[in-house]
*Asks:* 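Submitted below is the structure of interest, expressed as structure tokens.
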Amino acid sequence: MMESFGALVGWDHHDAGDRIMLRLESVQSSEAAKAHDPDLFRILMTKQQAAILGQYLLRISGQSPVVPRKRGWFRRYFG
């Protein structure tokens with residue numbers, strides 16, 4: 001098994017029906033970051049795995065989940 005270490009510098013995702021393709025960008029050095037030459041990793045996961053990973057990352061980061069605010073009367077009326 002090959003291990004790779006780097007700093008996460010970007011990510012994106014693609015909805016693939018019941019799965020998500022997660023694209024991670026990382027760099028192993030400041031030179032690679034300056035050259036905008038990241039290593040790319042693509043990970044296919046179920047939406048359930050993505051939700052569990054998201055909850056885990058929120059918990060270990062000490063952040064709270066974002067709770068949508070209730071729309072006020074002005075937004076409800078004018079959309």
Side-chain angles (χ1 to χ4, degrees):
M1 175 172 67
M2 183 181 89
E3 273 193 291
S4 178
F5 296 90
L8 182 65
V9 294
W11 64 87
D12 195 9
H13 77 282
H14 174 73
D15 189 334
D18 63 338
R19 299 184 181 273
I20 293 176
M21 176 66 72
L22 183 61
R23 180 179 175 268
L24 303 173
E25 300 175 4
S26 71
V27 292
Q28 294 184 8
S29 67
S30 57
E31 290 79 24
K34 290 176 188 172
H36 302 289
D37 186 27
D39 295 322
L40 301 176
F41 301 92
R42 288 180 176 83
I43 301 168
L44 184 66
M45 64 180 73
T46 66
K47 289 187 175 181
Q48 182 179 9
Q49 288 173 316
I52 292 168
L53 177 60
Q55 290 172 358
Y56 172 74
L57 292 172
L58 279 170
R59 190 176 72 245
I60 65 169
S61 68
Q63 302 294 312
S64 299
V66 176
V67 178
R69 292 187 311 174
K70 189 173 180 180
R71 294 181 359 159
W73 70 268
F74 186 81
R75 290 246 186 233
R76 285 193 309 260
Y77 187 74
F78 292 106

*Asks:* Keeping K47 on the side-chain end and G17 on the backbone end, is there a donor-acceptor pair under 3.5 Å?
*Replies:* yes
*Asks:* Calculate, to the nearest 0.5 Å, the distance between atoms CG and CD1 belonging to L57 and I52 respectively.
*Replies:* 12.0 Å
*Asks:* Say you draw a straight line from CG of L44 to CZ of R23; how long is it, rounded to the nearest 0.5 Å?
*Replies:* 15.5 Å
*Asks:* Could you tell me the separation between the CE atom of M21 and the CG atom of D15, rounded to the nearest 0.5 Å?
*Replies:* 11.5 Å
*Asks:* Does Q49 reach the main-chain N or O of T46 with its side chain, forming a donor-acceptor pair under 3.5 Å?
*Replies:* yes
*Asks:* If you round to the nearest 0.5 Å, how far is OG of S26 from CH2 of W11?
*Replies:* 13.0 Å
*Asks:* Between L24 and L8, is the side chain to side chain contact (heavy atoms under 4.5 Å, CB included) condition met? List the steps.
*Replies:* CA-CA 7 Å; L24 303 173; L8 182 65; 4.2 Å; yes
*Asks:* Same cluster or not: are L53 and I60 linked, directly or through other Ile, Leu, Val, Met, Phe, Trp or Tyr residues, by side-chain heavy atoms under 4.5 angstrom apart?
*Replies:* yes
*Asks:* List the atom of V27, the atom of P38, and the distance in Å for their closest heavy-atom pair.
*Replies:* CG1-CA, 3.9 Å
*Asks:* Does S4 form a side chain to side chain contact (heavy atoms under 4.5 Å, CB included) with Q28? I'd like the steps, not just the answer.
*Replies:* CA-CA 9 Å; S4 178; Q28 294 184 8; 3.1 Å; yes
*Asks:* Begin with the C-alpha distance, continue with both residues' side-chain angles, and end with the deciding distance and a verdict on side chain to side chain contact (heavy atoms under 4.5 Å, CB included) for M45 and L22.
*Replies:* CA-CA 8 Å; M45 64 180 73; L22 183 61; 3.8 Å; yes
